[in-house]
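Notes for the one structure printed next.
We name chains A, B, ... by the order of the sequence lines, and we start the count at 1 in each one.
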Amino acid sequence: MTSLLDGLNPEQLAAVTLPGQSALILAGAGSGKTRVLTTRIAWLIQTGQVSPLGILAVTFTNKAAKEMLTRLTGMLPINTRGMWVGTFHGLSNRLLRTHHREAGLPQLFQILDSADQLSAVKRLLKALNVDTEKFEPKKVQYFISGNKEAGLRPQQVEVFDPYTRRLVEFYAAYDEQCNREGVADFPELLLRSYELLARNDALRAHYQERFRHILVDEFQDTNRLQYRWLKQFAGAQSVLMAVGDDDQSIYAFRGAHTGNMNEFQRDYAGDNVIKLEQNYRSHGNILDAANALITQNQSRLGKNLWTAEGKGEPIRVYEAYNDQEEAGFIVEEVKALQREGTALMDMALLYRSNAQSRVLEHALFSAGVAYRVYGGLRFFERQEIKHALAYLRLLANPDDDGAFSRVVNFPTRGIGARTLEQLADAAQAGGTSLWQAARAKAPASKDSAKGLPGFVALMQAMQDATQGLPLPEAIEHVLHMSGLAAHYQAEKEGADRLENLNELINAATVFANDPEAMAELDEAGGPLASFLAHAALEAGDHQAGAGSDALQLMTVHAAKGLEFHAVFLGGLEEGLFPHEQSMNEQDGIEEERRLMYVAITRARRRLYLSHAQSRMLHGQVRYGIPSRFLDELPSALLKLVNARRMATASSAYHGDAAPASATRQRNTSPWRIGMNVRHAKFGVGVVVSVEGQGDDTRVQINFGGANGMKWLALEYARLEPA
DNA sequence: CTGCCATTCGTTTTT
DNA sequence: CGAATGGCAG
């Protein structure tokens, strides 16, 4: 019989079979992290150290949770049903449904995704007559979520100025609104679960007794609240294993707290730190480059990846004249690789920000190369799906004002802004929900299909018609009775949306036939509620059409956890990567460097890095200097794949793409836009613009990095061509 | 309740 | 430059 442990390297083996002690696993990129995690669980169960129900395994994404369960069932003939393997939010949802009474929530509480949360904030600010110029809804939302993720309720937020005081008031009013409506946003799921366990000794004791082994994936991405959440489940006899890589922490901007790794060491692991440094993904040169780069970071726990494989090819570096030419080069290389037999699917174009995909897409489209862009709207975030779900939410919970507002006049049934304002006032005065106010104000009348009475009648009819029906059939009724189906049928561009609505019925059918999902029905409060929770917690795929051989385009963030035979990383210029907004932030550069590290370590065999002397940004040409990250890579590992050309020589590539700057050069000075210069104090930079004549000539130079943009008077500044 | 124009604003994103 | 709002007129 083959053992679970076959083929593990010594460090992996040590991590998998660590006896009953907590440990921190520092798992480098491509070091078999998921394998260790799942094998550990399987080993614990197989050796009888714990029952499947004694495991608590937490991940960040649904994808990771599913992957873990799939691999687990492949290793052991166990029933994963009832096992606590899931995301922080998914498991919180489960806990809160089970103990909704103790948590002070209705059983059918609805989950607000970020967009729903933003509408809820807007609605609140409107009701409070707040000037949204002064208090932007986005900022208010960010404030509320940020505090929740730090574990702070309104009373606990420190107030040191009137502006913050106001924000705290909004936070408090927002929470009241959510409670009144019976809804919970994403951070609320976590905070509420945390508070439930922190306050309820019996419940906490129960779960601590149950979970003997707690395992956390991507620990470097946890925020403060998530760590506190975990600690509630950890009892005196619990064994914790946190797996993470501080070098791949790229989500500080959304609250990830790398300090959790140090705290975890202090609280649980002590000296039990196992480093997984053998990389099974990339060739040596790629790893050497990644290592050299990341050692520039001051704050890290320290790790060095190595591989048993050879050095492989050098990293190719390309300097383009502009962004279009950069795209042209990439497309040519992609086609060449494709001819050599690399599948498009196994190549990726990575970039720092989504805006960069445009030029690449254009070039790919012109060249007839199939590609797929990740990111953008996901299935359950589409307008028509949101509308349909809002009807369903209203059926499950009539007090959900957010859902009510969304569909009361969609499709339009002649309910104007004035009516709604009156309704909102009535609801506020009576302390009721919009639905209750509507019912009081406009009792359903049979003959009026329009107006508020029509809507009240509609909802009641819908309630009756869907009562007791299986989920997919109920949804079909809702789509037709609400008029959504007819509305999109009539719309010129509605075909896709109609198709999506049908897809929603499909999704419900699949969901209703999924024994996993159905097993939790009782605690979830019925099929409708659990389907709605599923829709909110798992927004679905970004795009359909997977499987076909297409080049993959995505941000570096989106590429985390993936690997490709060949990786192209473009836009390596100061201000873009590292992004200029990060330069001001605390530890911003270090996070950008980790991002670069993530990008490099995605490549198995071939890595291209490119930058452009100029690129179109915000409608104007911007001149950039090469990213500092290029300088931080050992030049012995790099191969420059183009002879350094003067700007003028580039016309050979794109005769029609003459720089806009040429027309702006209306002076006679020897300094040209785009040329490299050296300044005694500021170092090497690029001339960005030139103004004035003769002695009055001033030039603007981008020195990048700490020096940034500078205007220099030629009369005084001593510049020399570089 | 559309549709049109003006204005604004441009990182990264999962749940 | 171009998307994405938001306000206002019809």
Side-chain angles (χ1 to χ4, degrees), chain A residues 58-65 86-93 111-118 122 132-133 136-138 142 145 148-149 184-191 193 217-218 221-223 225-226 229 249-256 323 350-359 362 374-378 380-381 409-420 450 487 491 533-542 554-561 571 575-585 588 591-592 594-596 598-599 615-622 660:
Chain A
V58 197
T59 64
F60 257 82
T61 63
N62 293 300
K63 199 175 149 202
T87 63
F88 281 100
H89 294 86
L91 296 175
S92 293
N93 177 52
I111 300 169
L112 304 186
D113 66 19
S114 307
D116 297 332
Q117 187 191 23
L118 183 60
K122 284 182 180 161
T132 48
E133 295 275 281
E136 292 165 52
K138 278 244 176 61
Y142 181 79
S145 290
K148 286 188 181 184
E149 277 164 1
D185 57 42
F186 284 138
E188 182 70 27
L189 293 176
L190 284 161
L191 184 52
S193 313
D217 191 16
E218 304 279 14
D221 287 339
T222 52
N223 62 35
L225 177 58
Q226 282 158 340
W229 185 98
S249 163
I250 54 175
Y251 287 112
F253 75 92
R254 65 172 198 218
D323 47 354
L350 307 184
Y351 33 80
R352 172 67 240 263
S353 61
N354 285 307
Q356 287 168 256
S357 76
R358 175 194 295 278
V359 182
H362 182 79
Y374 286 76
L377 265 198
R378 304 162 81 195
F380 286 107
E381 291 168 353
N409 197 36
F410 193 95
T412 56
R413 41 179 78 86
I415 302 172
R418 217 171 52 86
T419 316
L420 290 178
K450 294 241 166 212
H487 172 84
E491 208 173 59
H534 165 80
L537 291 172
E538 203 170 332
D541 281 330
H542 276 294
M554 66 190 86
T555 62
V556 180
H557 281 92
K560 191 173 137 193
L576 236 196
F577 199 176
H579 199 279
E580 58 191 335
Q581 307 240 108
S582 309
M583 301 200 196
N584 318 319
E585 286 166 24
E591 176 143 322
E592 295 286 308
R594 290 193 293 268
L595 197 52
M596 178 79 183
V598 168
R615 84 173 52 237
M616 202 62 147
L617 202 66
H618 304 331
Q620 42 181 348
V621 180
R622 286 264 303 248

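For the pair S353(A) and dG10(B), the criterion of a side-chain N or O lying under 4.0 Å from OP1 or OP2 is not met. Contact annotation: T555(A) side-chain N/O to dT11(B) OP1/OP2 distance is not under 4.0 Å.
Taking atom P on both dA4(C) and dT13(B), the two are 15 Å apart, rounded to the nearest angstrom. As rounded to the nearest Å, dT12(B) and dT5(C) have P atoms that lie 15 Å from one another.
Proximity note for T61(A) (side chain, C-beta onward) versus dT11(B), dA3(C), dT15(B): the nearest is dT15(B). Out of dA3(C), dT15(B), dG10(B), the shortest distance to the side chain of R358(A) is found at dA3(C). Relative to the side chain of R378(A), the nucleotides dT11(B), dT14(B), dT12(B) differ in distance, and dT14(B) lies closest. Set against dT15(B), dT11(B), dT13(B), the side chain of E585(A) has dT11(B) as its closest nucleotide. When distances are taken from the side chain of F253(A) to each of dT11(B), dT13(B), dG6(C), the shortest belongs to dT13(B). The side chain of E592(A) lies closest to dT11(B) when the candidates are dT15(B), dT12(B), dT11(B).
H89(A) places no side-chain N or O within 3.5 Å of a backbone atom of L189(A) that could act as its donor or acceptor partner. Of the possible donor and acceptor atoms, one in the side chain of E592(A) sits under 3.5 Å from a partner among the backbone N and O of H579(A). When atom types are taken as modelled, the side chain of R594(A) and the backbone of I250(A) share no donor-acceptor pair closer than 3.5 angstrom. The backbone N or O of S353(A) lies less than 3.5 Å from a partner atom in the side chain of Q356(A), making a donor-acceptor pair.
Nearer the 5' end of DNA chain B, as judged by each residue's closest nucleotide, is the contact made by H487(A), out of H487(A) and S582(A). Residues N62(A) and N354(A) both approach DNA chain B. Their nearest nucleotides, taken by heavy-atom distance, put N354(A) toward the 5′ side.
At whole-Å resolution of the value, NZ in K63(A) and P in dT14(B) are 11 Å apart. Protein atom NE2 of H618(A) is 20 Å distant from nucleotide atom P of dT7(B), rounded to whole Å. Rounded to an integer number of Å, the gap from L225(A) CG to dT14(B) C1' is 15 Å. If you measure from atom CD of Q581(A) to atom C1' of dG10(B), you get 9 Å, rounded to the nearest angstrom. In this entry the distance linking CG of N584(A) with C1' of dT11(B) reads 13 Å, nearest Å. Summarising the geometry, the separation between OH on Y351(A) and P on dG10(B) is reported as 20 Å, rounded to the nearest angstrom. Straight-line distance from the CE atom of M583(A) to the P atom of dT11(B): 14 Å, rounded to whole Å. The distance from atom CG of L617(A) to atom P of dT11(B) is 9 Å, rounded to the nearest whole Å.
In this structure, I415(A) reaches the sugar-phosphate backbone alone: every heavy-atom distance under 4.0 Å involves primed, P, OP1 or OP2 atoms, never a base. Using a 4.0 Å heavy-atom distance criterion, F88(A) is classed as making no nucleic acid contact.
Because its glycosidic torsion is within 90° of 0, dT11(B) is reported here as syn.
Just one residue in the list D221(A), L595(A), T555(A) forms a side-chain contact (heavy atoms from CB on, under 4.5 Å) with K560(A), and that residue is D221(A).
At a cut-off of 3.5 angstrom, the base of dT14(B) holds no donor-acceptor pair with the side chain of S114(A).
Judged by ring centres under 5.5 Å apart and planes tilted less than 30 degrees, H579(A) stacks against the six-membered base ring of dT11(B).
Residues F577(A) and V556(A) are in side-chain contact: their nearest non-hydrogen atoms beyond the backbone lie under 4.5 Å apart.
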